[in-house]
Amino acid sequence: MSDKKITVLLVDDKKEFLETLAERVRLKGFNTLEATTGAEAITMAAENDIDLAVIDLKLPDMDGLDVITRLKRDKPGLETLLLTGYGSDKLREASDALNTAYFEKQDMSGFWAFLAGFSRRPAFLVVDDEEAFLDTVAQRVLLKGFEVFTASSGAQALEIAAREKIDFAVVDLKLGDTDGLDLITRLKREQPGMQTMLLTAFGNDKLREATKALNTEYFEKQSMGSFWAFLKRMPRRIEDAMAAAGMATGGDLDNAEAIDKSSRK
């Protein structure tokens with residue numbers, strides 16, 4: 001992981017709130033850029049390398065969700081967060097649809113907990129010996145805001161895991177040089193905290209039981225809809241995990257445990 005400071009773009013038309021927020025974010029060890037309009041935010045994002053954009057819902061020139069849509073179109077891997085004083089279930093659902101974290105200004109504790117856990121984009125390792133399929137999965141994972149590494153063999157996957165922090169690994173069952181379950185075992189030995197998923201065209205109940213024994217998700221290539229649905233929920237699970245970790249660090253163990261249990265449902 002690089003020692004380079006993470007840059008957060010903060011967008012809010014309330015200058016006093018923006019300045020206070022920026023000062024606190026910098027005290028957390030981040031670089032900040034500030035904008036008071038959607039147009040200004042889009043220009044800043046185009047001209048700077050940013051890691052996270054925190055967008056207010058109500059801006060004078062455009063809606064915050066519109067700003068997020070344009071930012072993600074220009075920078076598909078950008079992490080975004082909607083911060084609003086006008087919260088609702090409908091707005092939360094709209095944020096989910098955009099792969100965007102959602103927090104309300106009336107209760108900033110969740111935002112600060114999220115920020116405490118935000119250190120880098122989660123990394124996905126995709127392993128498959130079919131190049132076209134590998135590229136397709138990698139591109140869709142990238143669009144979800146993850147850093148993506150690809151490998152076409154077990155040996156290549158292990159080389160990547162030896163030098164990079166991997167959060168999630170999607171592993172094909174049939175690889176040219178190894179079995180997918182064997183590779184998952186070795187990956188988990190290399191990085192015990194890694195979450196793993198087996199993706200196979202040769203599914204059966206026995207294989208499903210074997211993946212369960214390895215604490216591994218199981219998906220079949222014949223029915224990719226369940227995998228994409230799982231991937232769609234992943235940003236929210238990561239958001240909740242970050243918030244839980246931040247609260248636990250701050251001593252709020254009860255709420256951390258509640259968030260962690262909710263994220264696993």
Side-chain angles (χ1 to χ4, degrees), residues 1-14 17-57 59 62-85 91-92 94-105 107-124 141-148 165 167-168 234-247 249 259 263:
M1 182 177 169
S2 171
D3 291 332
K4 172 182 170 291
K5 275 190 176 183
I6 290 170
T7 297
V8 182
L9 172 62
L10 303 170
V11 188
D12 200 296
D13 61 339
K14 304 291 193 300
F17 177 83
L18 181 63
E19 291 172 1
T20 300
L21 183 65
E23 183 177 359
R24 288 198 61 182
V25 171
R26 287 193 294 269
L27 287 173
K28 300 289 184 182
F30 299 92
N31 287 329
T32 64
L33 295 169
E34 296 93 53
T36 57
T37 68
E40 187 180 5
I42 291 166
T43 299
M44 282 187 175
E47 296 176 349
N48 295 276
D49 183 15
I50 63 173
D51 302 283
L52 172 68
V54 179
I55 315 293
D56 184 38
L57 176 64
L59 295 170
M62 65 181 75
D63 181 272
L65 291 174
D66 291 336
V67 178
I68 288 170
T69 300
R70 294 183 61 176
L71 290 176
K72 283 184 171 290
R73 184 187 61 200
D74 295 340
K75 294 190 171 184
L78 178 64
E79 292 281 351
T80 53
L81 185 154
L82 187 74
L83 192 60
T84 177
L91 186 58
R92 181 184 290 274
S95 300
D96 283 346
L98 286 174
N99 254 354
T100 294
Y102 167 93
F103 296 101
E104 297 179 7
K105 290 181 178 180
D107 181 9
M108 291 289 287
S109 60
F111 169 77
W112 295 116
F114 174 89
L115 199 64
F118 186 88
S119 58
R120 60 181 176 85
R121 287 193 299 162
F124 237 99
V141 171
L142 182 65
L143 288 172
K144 295 296 182 183
F146 299 102
E147 183 175 8
V148 180
K165 172 68 172 69
D167 300 282
F168 308 96
M234 190 67 74
R236 169 52 62 84
R237 294 176 66 177
I238 293 169
E239 172 191 327
D240 288 343
M242 286 179 176
M247 288 180 176
T249 300
I259 290 174
S263 72

One should read off an interatomic distance between K14 NZ and E19 CD, to the nearest 0.5 angstrom, of 14.0 Å

Smallest heavy-atom separation, L59 atom then T37 atom, equals CD1-C, 4.4 Å

Task: pair L83-I55: side-chain heavy atoms closer than 4.5 Å - done: no

Quick check: do F124 and L142 have side-chain heavy atoms less than 4.5 Å from each other? no

Should T7 and T32 count as side-chain neighbours, where that means a heavy-atom distance under 4.5 Å?
no

Heavy-atom closest pair (N48 atom, K75 atom, distance to 0.1 Å) is O-NZ, 2.5 Å

Q.
Between R26 and E34, does any NZ, NE, NH1 or NH2 come within less than 4.0 Å of an OD or OE carboxylate oxygen?
A. yes

Report, one line per pair, each donor and acceptor closer than 3.5 Å where one atom sits in a side chain of residues 63-70; sequence neighbours left out.
unit_1	atom_1	unit_2	atom_2	d
D63	OD1	L65	N	2.7
T69	OG1	L65	O	2.9

Of all heavy-atom pairs linking L9 and A41, the shortest is CD2-O, 3.7 Å

>> I'd like to know if the side chain of E40 and the backbone of T36 have a donor-acceptor N/O pair within less than 3.5 Å.
In response: yes

Are the charged groups of D74 and K72 less than 4.0 angstrom apart, N to O? no

Okay, side chain of D51, backbone of I6: is any donor-acceptor separation there less than 3.5 Å?
-> no

L91 vs L82 side-chain heavy atoms within contact, under 4.5 Å: yes

Any side-chain heavy atom of Y102 within less than 4.5 Å of one from D96?
no

F111 side chain reached by L21 side chain, heavy atoms, under 4.5 Å: yes

When every non-hydrogen atom of A45 is compared with those of L71, the smallest separation belongs to CB-CD2, 3.4 Å

_For a side chain to side chain contact (heavy atoms under 4.5 Å, CB included) check, start with the C-alpha distance between I42 and M62, then their side-chain angles and the critical distance, and finish with the verdict._
CA-CA 11 Å; I42 291 166; M62 65 181 75; 4.2 Å; yes

### Task
For residues T80 and L98, determine if any side-chain heavy atom of one lies less than 4.5 Å from a side-chain heavy atom of the other.
no

For F103 and F114, the nearest pair of non-hydrogen atoms, with its separation, is CZ-CB, 3.6 Å

Sub-3.5 Å donor-acceptor pair from the side chain of D167 to the main-chain atoms of A123, do we have one? yes

Between A35 and L18, the two heavy atoms sitting closest are O-CD2, 3.7 Å

Quiz item: Mind checking whether L52 and L115 have side chains closer than 4.5 Å, heavy atoms only?
Solution: yes

Handout entry: Under-4.0 Å salt bridge between D12 and K105
Key = yes

